[in-house]
Amino acid sequence: MGPCKYLVIFYGVSAGQNGPNMGADEQDLVMLVYLVLNVEENKIVGVHQFPVRPAGADVNENILSEEVTSEFGISEHDIKSAPPLESVIRQFDSLAQEELGGDLTLVTDGQLHLRQCLYPEVTRKNITLPSYYQRFHDLRKEFQSCVPSPVANTVDAGGGGIEEMLTAFSLPSDSAPDKSLQNVNNMARILQKLVADGRNLHEPEIVQLILEPGIRSRSEQVDTNCVVRARGLPWQASDTDIARFFTGLNVSPGGVALCLSPQGRRNGEALVLFESVAHRDMALRRHKHHIGNRYIEVYKATGEDFINVAGGNNSEAQEFLGRGGQVIIRMRGLPYDCSAKQVIDFFNTGEDACEVLDEDHGVLFVKKPDGRATGDAFVLFKEEGEGEKALQKHKEIIGSRYIELFRSTTAEVQQVLNRSTEPAAKGGVVGGTSAPLIPSLPPVPPMAVIPQQLITAGTRKDCIRLRGLPYEAQVEHILEFLGDHAKNIVYQGVHMVFNAQGQPSGEAFIQMDSEPSSFSAANNRHHRYMVFGKKQRYIEVFQCSGEDMSLVLTGGASALGHHQQQGKAPLLSPGGSMLGPQGTFPYNPLMGGMPHTTSRPPAPGSFSPFPAQLLYWPYPSPPISPNNYFLPPHGHMSSPSSLLTPTSSISSLSNGVTSPLPSGGPQGQGSPQLPQGPPPNTLLTVETVSQVNLSRGAAERPNTETLLRSSVYIH
């Protein structure tokens, strides 16, 4: 049976759900039961039942679920007068040390009581558990190893559990009125049967409390069924914070990969690799559990997603990480001429002096592809204590600059170094920025894109232009500023204008439902103040037409029917309609093929400003962070390209969805057909792309070019 003298059956009752969903609702434990079995004598030597007072019991009157009160017989009065969890754990530990000599191993009915309930709760409450809670036998797995597989599979799936095991061993069920005691006594009978039959238990399962470092390569194969994506993380969350969120579950070495934005900042997402499918499945049950006041979304991900983020092919990074330091600190804001000696002196001096691992070799500066400094560096420390001291120097000074310090990860080091050293055009990179970390978009067929002018063409002054917006302003601030006039905005009619670097320009275009609406909004809101936090800015509001909008967005090119200025690429409304290789219009996304007509090409300016049917392009599930995707012209990766931005729910044109033209239209030709062959050099040109490469980042465009993004705010 193993070296331990005692087996202790551990059983918990949650205030919320029990059974297969135990722990999924983040509720506290309200009852702990310990049954002690002397292995040598195969005899029960004690049963200890402890009611536990959960957090909030003094405030909430009805904290217990109906299942707990009816099936387990626990009342509100029982738990309000009970000691807290920490006291109960100390109380049993005293008994275990005095009477059992600490020579014990826990036995549980499945994984949930310890991994999903006890460990998350003690982590939330900062309670330290005795070491014997880190090793336990799962009675269901032990049962699986000694009975026919059909019965074992039923038990493992949670189909009856203890009752199924009793039936398989022809054992009677206990008749105790208390369900928790009844379950514990039944588990004891099964365990005694295993002991009597001379069955040897397997090695105890281990609960890992420390995230082990690990280095991942791009060529490594990862089990795609063991990865999750966590979203909504605090931006300052480290890999240890994420491992702490998943406490009780075993994360693989180097199994936390923080995702970075195109600017190299953490974007609130992480990919986590677990040691088994069972642990991944338990992690998915922590969907919308909390870190502080933030709830965290947890979704399935793939091994490819994980390797794309965590895998590295940079030899300098792998040599740096191979030195074995337990803590990695990221420095930001360094002087560009900063040396390794200055970094070492920064940590070696002052009140919280600490030693950098391997001196100069423990400092890795991040550089741009051309070798210039970025102001970032990674520093290795040998032990956790040294790392804690190092973090105390956050915002201390080197030269005249204060330095920001963050705990980092092996995956972050590899991501940053990969981006800084890979060739600019590799992997679909446009303009020197990197491709998406998680390429989750569905494959896109060869298609044509409809320029912005087809959407906003016309001389009707049913739009307004806002100028002087605070750079931090979002759609909701614009709606608040417009007040009652906001109700006259068309579906997806708010467009924020960004410059070529992707930064807000302080301008926005709004499409209204009529000319009187736009006139009234411009007349009443011109030179009114927008209050943004402690700031207030007066905003200029002008009435304009779709043609005026096109004139501004193309940097001075004339509107419909005129030639583009040389070097100007047409701008695309985010989520624009996409046509097939034949360029026919409209296109029904629910149909398997494209409609083909033989109608002659329409004259410039003859398009309706409202496209017919649209191709809906929803986010992947779970959604990734909003990105800009550029469609480079075939064979010219470095030339300007059009912008495509998925919106938060569907990708559609900014004027909304209209009905397609009837097949017997005014000319009897059905839907108009876009020109085929080389497109004329006009703003109405439909640019046909024979091969589409999606990549994140800004294309190399003239700085005067602006980007148009449509914001979905009406549902």
Side-chain angles (χ1 to χ4, degrees), residues 8-34 50 52-55 84-93 96 104-141 158 180 204-212 226 228 230 233 237-253 255-256 270 272-292 295-296 298:
V8 177
I9 294 174
F10 174 84
Y11 189 89
V13 180
S14 167
Q17 297 184 77
N18 289 278
N21 291 321
M22 187 177 191
D25 53 6
E26 220 175 354
Q27 293 295 312
D28 288 354
L29 290 163
V30 293
M31 180 74 71
L32 292 182
V33 183
Y34 300 85
F50 302 97
V52 181
R53 184 173 75 246
L85 179 63
E86 186 173 12
S87 298
V88 169
I89 289 172
R90 280 203 308 264
Q91 187 175 346
F92 178 77
D93 186 51
L104 62 98
T105 303
L106 299 181
V107 180
T108 63
D109 175 27
Q111 306 273 313
L112 304 183
H113 295 265
L114 274 177
R115 294 193 186 275
Q116 285 288 77
C117 238
L118 181 64
Y119 269 97
E121 183 175 348
V122 298
T123 301
R124 291 195 301 268
K125 297 179 178 179
N126 293 316
I127 300 171
T128 302
L129 291 173
S131 59
Y132 50 79
Y133 284 92
Q134 297 176 32
R135 302 170 70 251
F136 70 98
H137 293 288
D138 182 349
L139 188 60
R140 297 191 181 198
K141 289 188 177 181
S180 60
E205 294 206 24
I206 304 299
V207 179
Q208 295 179 359
L209 301 183
I210 299 175
L211 178 63
E212 297 292 334
C226 295
V228 302
L233 298 164
S238 66
D239 57 343
T240 54
D241 295 323
I242 297 166
R244 182 180 170 90
F245 173 77
F246 290 110
T247 184
L249 309 180
N250 294 350
V251 179
S252 295
V256 176
V272 186
L273 174 65
F274 293 94
E275 69 172 19
S276 69
V277 178
H279 287 234
R280 191 283 307 267
D281 291 342
M282 286 187 278
L284 290 172
R285 295 181 185 178
R286 299 196 187 182
H287 180 60
K288 294 200 172 179
H289 284 204
H290 291 77
I291 293 180
Y295 72 82
I296 309 301
V298 183

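By convention here, the first residue in the shown sequence is residue 1.
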Worksheet item: Regarding Q111 and R140, is there a side-chain donor-to-acceptor distance under 3.5 Å anywhere?
Response: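 Result is no, nothing qualifies.
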Discussion item. Can you confirm whether or not the ring centre of F136 sits under 6.0 Å from the ring centre of F10?
Written reply: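 Ring centroids of F136 and F10 are no less than 6.0 Å from each other.
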Discussion item. Applying ring pair (Phe, Tyr, Trp, His ring centres under 6.0 Å), can you list everything that pairs with Y11, at least two apart in sequence or on another chain?
Written reply: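 For Y11, the residues satisfying ring pair (Phe, Tyr, Trp, His ring centres under 6.0 Å) (neighbours in sequence not counted) are H113.
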Worksheet entry | salt bridge (Lys or Arg N to Asp or Glu O under 4.0 Å) partners for K125, two or more places apart |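 Partners of K125 by the salt bridge (Lys or Arg N to Asp or Glu O under 4.0 Å) criterion, ordered by chain and then number, come out as D28, E121.
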For [X] against [Y], the heavy-atom pair lying closest together:
X: H289; Y: D25; value: NE2-N, 4.3 Å
X: L233; Y: A237; value: CB-CB, 4.5 Å
X: Y133; Y: V207; value: O-CG2, 4.1 Å
X: G12; Y: L32; value: CA-CD2, 4.1 Å
X: S238; Y: D241; value: N-OD2, 2.9 Å
X: D239; Y: L211; value: OD2-CD2, 3.6 Å

Discussion item. side-chain contact (heavy atoms from CB on, under 4.5 Å) for F246 and V256? Distances and angles first, verdict last.
Written reply: CA-CA 11 Å; F246 290 110; V256 176; over 6 Å; no
Can you check whether [X] reaches [Y] side chain to side chain, under 4.5 Å on heavy atoms?
X: V33; Y: F50; value: no
X: Q134; Y: L209; value: yes
X: R286; Y: I296; value: no
X: I89; Y: L129; value: yes
X: Q208; Y: V251; value: no

Using modelled atom types only, decide if a donor and an acceptor are shared between the side chain of [X] and the backbone of [Y] within a distance under 3.5 Å.
X: H287; Y: V298; value: yes
X: R115; Y: G248; value: yes
X: H279; Y: L273; value: no
X: R124; Y: Y119; value: no
X: N21; Y: Q17; value: no
X: R135; Y: T105; value: no
X: N250; Y: E275; value: no
X: D109; Y: L139; value: no

Worksheet entry | Approximate separation, where rounding is to 0.5 Å, of L118 CG and T108 OG1 |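 Reported to 0.5 Å precision, the distance equals 11.0 Å.
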Worksheet item: Rounded to the nearest 0.5 Å, how far does CE of M31 lie from OG of S180?
Response: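 Output value for this atom pair is 5.0 Å.
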Discussion item. Check K288 with E26, please: is the shortest side-chain N to carboxylate O separation under 4.0 Å?
Written reply: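 A salt bridge is absent here (no side-chain N lies under 4.0 Å from a carboxylate O).
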Worksheet item: Should L85 and V122 be marked as a side-chain contact (heavy atoms from CB on, under 4.5 Å) after you check the CA-CA gap, both sets of side-chain angles, and the distance that decides it?
Response: CA-CA 8 Å; L85 179 63; V122 298; 3.9 Å; yes
Worksheet entry | Candidate pair R53 and E86, rule salt bridge (charged side-chain N to carboxylate O under 4.0 Å, His left out), full reasoning | CA-CA 10 Å; R53 184 173 75 246; E86 186 173 12; over 6 Å; no
Practice prompt. Take Y34 and I9 through the test side-chain contact (heavy atoms from CB on, under 4.5 Å) and record every step on the way to the result.
Written response: CA-CA 6 Å; Y34 300 85; I9 294 174; over 6 Å; no
Item to complete: Starting from the C-alpha separation in whole Å, work towards a yes-or-no answer on side-chain contact (heavy atoms from CB on, under 4.5 Å) for T123 and F245.
Response: CA-CA 8 Å; T123 301; F245 173 77; over 6 Å; no
